[in-house]
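The block underneath contains the structure these notes are about, expressed in structure tokens.
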There are 2 protein chains.
Amino acid sequence: MRLSSLADYAVVMMTAAAREGAGGRSNATLLAGQTGVPLPTAQKLVSRLASAGLIESTRGTGGGIRLARDADTISLADIVEAVDGPIALTACVDGAAHDCGLEMQCRVRPHWHVVNQAVRAAFSGVTLATLAADPVESQVMDVSPRPGVFA
Amino acid sequence: MRLSSLADYAVVMMTAAAREGAGGRSNATLLAGQTGVPLPTAQKLVSRLASAGLIESTRGTGGGIRLARDADTISLADIVEAVDGPIALTACVDGAAHDCGLEMQCRVRPHWHVVNQAVRAAFSGVTLATLAADPVESQVMDVSPRPGVFA
DNA sequence: TCCAATCGGACGGATTTGGTCCGATTGGCA
DNA sequence: TGCCAATCGGACCAAATCCGTCCGATTGGA
């Protein structure tokens with residue numbers, strides 16, 4: 001039940017990218033410097049995030065990356081799935097690969113689907129805009145929904 | 001974001017053990033036969049589950065294992081944490097080990113705590129009694145639209 | 001007292017993950 | 001128009017973790 005390091009890094013990098021503003025451009029080298037992620041790893045993540053359609057990348061001199069959508073339309077689930085693949089607690093829940101090996105008419109399986117959806121909902125409920133918000137406010141009261149909260 | 005195979009097996013085995021009834025005794029060999037889990041692996045799991053206090057094991061001839069508590073007081077979170085360790089999405093959320101490596105005053109960290117709690121709640125909400133219940137009932141409540149599928 | 005049955009911990013192999021490097025592509029500049 | 005610099009994109013390799021197996025320790029019955 002632990003998130004992969006790559007996914008963790010990706011979230012941090014996307015948060016840094018979001019702080020550049022809507023049209024602000026950045027690049028892998030810059031993000032690596034801001035976040036502390038090793039540069040080669042940052043490059044790999046940029047590649048994956050671009051493939052998933054979360055960021056747009058332009059090559060060549062003066063190129064860089066840019067958020068493909070607004071920050072409030074990108075959820076934590078999007079980022080994690082872009083790096084780690086679909087959020088699937090067990091092999092049963094994702095469509096493919098039913099080589100469960102366990103003979104019996106698995107009684108547990110239908111329940112996994114419910115749990116999996118709950119987990120995914122927890123990730124989908126957090127947007128990148130929330131993550132990029134001022135840390136002071138979010139640090140003090142996170143769960144309580146104060147009125148007029150940025151985002 | 002995938003559960004370990006060991007944890008998956010443990011859930012299946014605990015479900016099988018719960019179907020033995022409150023005071024019903026079983027053993028690692030029997031559970032392995034019922035669930036399809038390889039015997040050595042089943043033994044390892046029994047060991048861990050006993051250490052966590054979820055089951056009580058007695059050695060010697062005629063020994064075996066037995067649920068330490070009622071099935072409705074054992075949650076999915078208990079089983080998973082007994083095998084995989086604490087449910088912690090990142091290294092930040094579990095108390096120890098703050099060797100994050102990332103310099104900056106991590107803006108993302110306070111949010112991880114919220115997500116982690118939500119995930120843990122999803123696991124805590126499902127009891128072993130629910131898992132051991134008649135699959136027909138749980139199947140109806142399930143999202144799976146097609147009738148009479150599984151396996 | 002001996003024997004059989006069961007749990008408990010230790011070891012080795014295998015798959016996945018994470019990190020690094022080099023090539024392909026593009027825009028700017030002389 | 002040709003060259004060069006900067007950037008992304010994919011492939012390779014090492015490391016760590018996870019899974020499966022085996023053997024020893026312990027206990028109750030005959």
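Here the structure is a predicted model, which is why all the values come from computation and not from measurement. Naming convention: chains lettered A, B, ... in sequence-line order (proteins, then strands); numbering from 1 in each chain. Basis for what follows: all heavy atoms, side chains included, without hydrogens, waters or symmetry-related copies.
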Locate the shortest heavy-atom distance separating A:A88 from B:R2; write the atom from each residue and the value. O-NE, 3.3 Å
Taking atom P of C:dG18 as reference, at what distance in whole Å does atom CG of A:D8 sit? 10 Å
So the salt bridge (Lys or Arg N to Asp or Glu O under 4.0 Å) pairs with at least one residue in residues 78-92 of chain A (sequence neighbours excluded) are A:R69-A:D78, A:E81-A:R120
Taking C:dG8, D:dT7, D:dG9 as options, the one with an atom nearest any side-chain atom of A:N27 is D:dT7
Counterpart residues, side-chain hydrogen bond (donor to acceptor under 3.5 Å, both in side chains), relative to B:T90 (two or more places apart): none
Distance-only donor-acceptor hits, side chain of residues 44-58 of chain A, under 3.5 Å, sequence neighbours excluded:
from  : atom 1 : to    : atom 2 : distance (Å)
A:R48 : NH1    : A:V83 : O      : 3.0
A:S51 : OG     : A:S47 : O      : 3.0
A:E56 : OE1    : A:R66 : NH2    : 2.6
A:T58 : OG1    : A:G64 : N      : 3.3
A:T58 : OG1    : A:G64 : O      : 3.4

Heavy atoms, side chains only, cut-off 4.5 Å: are A:L31 and A:V37 in contact? no
Go along nucleotides 15-20 of chain D 5' to 3' and tag each nucleotide: B for a protein heavy atom under 4.0 Å from its base, S when only backbone or sugar atoms are that close, - otherwise. ----SB
Go through the structure and list residues passing side-chain contact (heavy atoms from CB on, under 4.5 Å) with B:V115, not counting sequence neighbours. A:L76, A:F123, A:V126, B:L89, B:W112, B:V119
Name the pairs: protein N/O against N/O of nucleotides 26-30 of chain D, kept only if under 3.5 Å.
from   : atom 1 : to    : atom 2 : distance (Å)
D:dT26 : O4'    : B:R59 : NH2    : 3.3

Quick one: label A:I65 by what it contacts on the DNA or RNA (base, sugar-phosphate, nothing), any heavy atom closer than 4.0 Å. sugar-phosphate
Would you say B:N116's side chain and B:I87's backbone share a donor-acceptor pair under 3.5 angstrom? yes
